Structures are given as C-alpha cells and as structure tokens.
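The block underneath contains the structure these notes are about, expressed in structure tokens.
The structure displayed is predicted, hence computed values, not measured ones.
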Amino acid sequence: MPPGVTTARAAGLVACRRCGRVNAGRAVRCQRCHGPIRSRDTQSLQKVWAWLIAGLIAYIPANVYPMLITASLFQYDEQTIVGGVIELIHYGNYGIAGIVFAASVMIPVGKFIAIAYLAISVQRGRPANAHRRHKLYDVVEFIGRWSMIDVFVVAILSALVQLKAVATINPGIAALSFALSVIFTMLSAMAFDPRLIWDAEGPTAHE
C-alpha cells in the first residue's frame with residue numbers, strides 16, 4: 001500500500017456495492033438502500049472461475065459452427081466468425097471486417113485472459129501494481145457492453161432478409177453459443193470482487 005493511503009477496510013468502513021454509501025465496518029444492511037453489506041465476497045473467486053470456464057466452453061462451438069446461414073435460389077452458404085471476416089476482407093470491406101474481428105475474437109479472448117489474470121493475481125496475493133490491476137478490471141467492465149455486436153448483426157439480418165424462396169438469412173448454432181459465452185463472461189466479471197485486489201497490499205489479505 002502506498003505511504004499515507006488507508007483503505008476503507010483498515011479504517012473500519014465498508015461501502016455498499018449497490019448504492020456506494022460508506023457504512024460502519026460491522027454494518028449488515030446499508031443505511032441508504034437497505035441492501036446486504038459484506039466487506040468481502042468470500043466466494044468471489046469460485047464464482048469467477050465457474051463462469052469463466054463456462055464461457056470458454058461455450059466459446060469453442062461459437063467459432064467452430066456457422067454463425068450465419070444464407071440460402072438463396074442458387075446458393076446455400078454457412079459462415080463461421082473467422083470465415084465471415086475472411087470473406088469481408090475478400091470483398092474489400094476492411095473496416096467492417098476489423099470491427100467484426102475485434103468484437104468477436106479480440107475482445108472475448110482479451111476478456112478471458114484479463115479475468116483469468118486478475119483471479120490468479122488475487123489468489124497468489126501479488127502486492128505489486130494493484131492500481132493497474134484495478135484499471136484493468138475497469139476496462140473489462142467497460143468493453144463488456146460491446147461484446148454482443150456480432151449477435152446483434154446476425155439478429156438484424158435474420159429479421160430483415162426473409163424473402164421466402166428468394167433469399168433467407170438465419171442464425172446458426174454459433175450465434176447462441178457466442179451469446180452464452182458473452183453472458184457467462186459478463187457474469188464472471190461481475191462476480192469478481194475488485195476489493196480483493198487491494199487486500200494483497202495490506203495485512204488483511206485473504207481474511
């Protein structure tokens with residue numbers, strides 16, 4: 001812990017994670033919103049790993065099976081996420097290909113790595129760079145809202161392009177798998193208690 005900096009826990013205080021009000025350390029209910037108060041979520045890491053592993057499992061079929069199924073009078077085509085990116089590049093749509101690749105591959109993989117790193121660093125009690133790790137957690141929370149772009153695009157195309165025998169676009173099984181993977185990853189990030197990051201810097205670590 002940097003010199004002159006005292007954590008709320010060391011000062012005998014605890015913040016409500018629902019409304020943010022600071023309460024006395026032994027408070028059970030928040031004085032403002034009456035929500036339950038806990039200094040630390042003792043089962044945080046177990047929930048983080050459970051949701052993260054579920055997200056990784058769901059992410060595998062999301063990349064193996066087709067995301068988009070296109071059918072017309074003379075053609076039937078199935079595209080995976082990476083296959084769709086390659087086809088967009090082939091037709092010169094580099095900007096759209098970059099957005100799809102970032103939202104469907106880079107962001108999910110980056111979230112997997114970031115959440116796993118945060119969980120491992122807390123488990124090992126690393127005291128260094130706590131502020132940077134907290135910033136990393138904020139970034140994971142921020143980019144989570146952009147992870148569903150691919151699913152939204154598939155849903156919009158499926159709703160708009162339904163010309164019966166002429167042409168149809170339907171979501172593949174990968175769309176559901178990808179959506180589940182994103183949801184599980186978001187739940188994993190939400191289950192992580194960022195206050196555990198600072199515990200490694202003080203004498204209350206892992207209490």
Side chains of Arg133 and Ser121, heavy atoms from C-beta outward: is any pair under 4.5 Å?
yes
What are the two closest heavy atoms between Ala102 and Pro108, and how far apart are they?
O-CD, 4.2 Å
Go through the structure and list residues passing side-chain hydrogen bond (donor to acceptor under 3.5 Å, both in side chains) with Arg29, not counting sequence neighbours.
none
Residues 168-188 vs salt bridge (charged side-chain N to carboxylate O under 4.0 Å, His left out), sequence neighbours excluded, gives none
Among pairs that include at least one residue of residues 44-62, which meet salt bridge (charged side-chain N to carboxylate O under 4.0 Å, His left out), considering only residues two or more places apart or in two chains?
Asp41-Lys47
Arg32 CZ to Cys19 SG distance, which is reported to the nearest 0.5 Å:
4.5 Å
My understanding is that only residues two or more places apart in sequence, or in another chain, count here; which of them pass side chain to side chain contact (heavy atoms under 4.5 Å, CB included) with Ala116?
Trp49, Leu52
Closest heavy-atom contact between Thr185 and Gly55?
OG1-CA, 4.4 Å
Could you list who else is in Ile60's hydrophobic cluster, with ILVMFWY side chains joined at under 4.5 Å, directly or through other members?
Val64, Tyr65, Ile173
Which one of Val100, Leu176, Ile81 satisfies the side chain to side chain contact (heavy atoms under 4.5 Å, CB included) criterion with Met67?
Ile81
Distance in Å, Leu45 CG paired with Ile120 CD1, rounded so as to fall on 0.5 Å steps:
10.5 Å
Taking the hydrophobic residues Ile, Leu, Val, Met, Phe, Trp and Tyr, and joining any pair whose side-chain heavy atoms are under 4.5 Å apart, which ones share a cluster with Ile86?
Val82
In Å, rounded to the nearest 0.5 Å, how long is the span from CG of Leu136 to CG of Leu118?
4.5 Å
Within the structure provided, determine whether Ile115 and Val48 are in side-chain contact (heavy-atom separation under 4.5 Å).
yes
Tell me, please, which residues at least two apart from Trp51 pass ring pair (Phe, Tyr, Trp, His ring centres under 6.0 Å).
Phe184
Which residues pass the side chain to side chain contact (heavy atoms under 4.5 Å, CB included) test with Phe101, sequence neighbours left out?
Val85, Val105, Met106
Check: Ser181 side chain, Ser177 main-chain N or O, donor-acceptor pair, under 3.5 Å:
no
Applied to residues 100-110, the salt bridge (charged side-chain N to carboxylate O under 4.0 Å, His left out) test, sequence neighbours excluded, yields none
Set of side-chain hydrogen bond (donor to acceptor under 3.5 Å, both in side chains) partners for Glu78, sequence neighbours left out:
Tyr76
With heavy-atom distances below 4.5 Å as the criterion, would you say the side chains of Gln79 and Pro66 are in contact?
no
For Asp193, is there any backbone N or O sitting under 3.5 Å from a side-chain donor or acceptor partner on Ser44?
yes
Residues which pass ring pair (Phe, Tyr, Trp, His ring centres under 6.0 Å) with Phe112, listed by chain and number, not counting sequence neighbours:
Tyr59
Partners meeting side chain to side chain contact (heavy atoms under 4.5 Å, CB included) with Ile57 (sequence neighbours left out):
Ile53
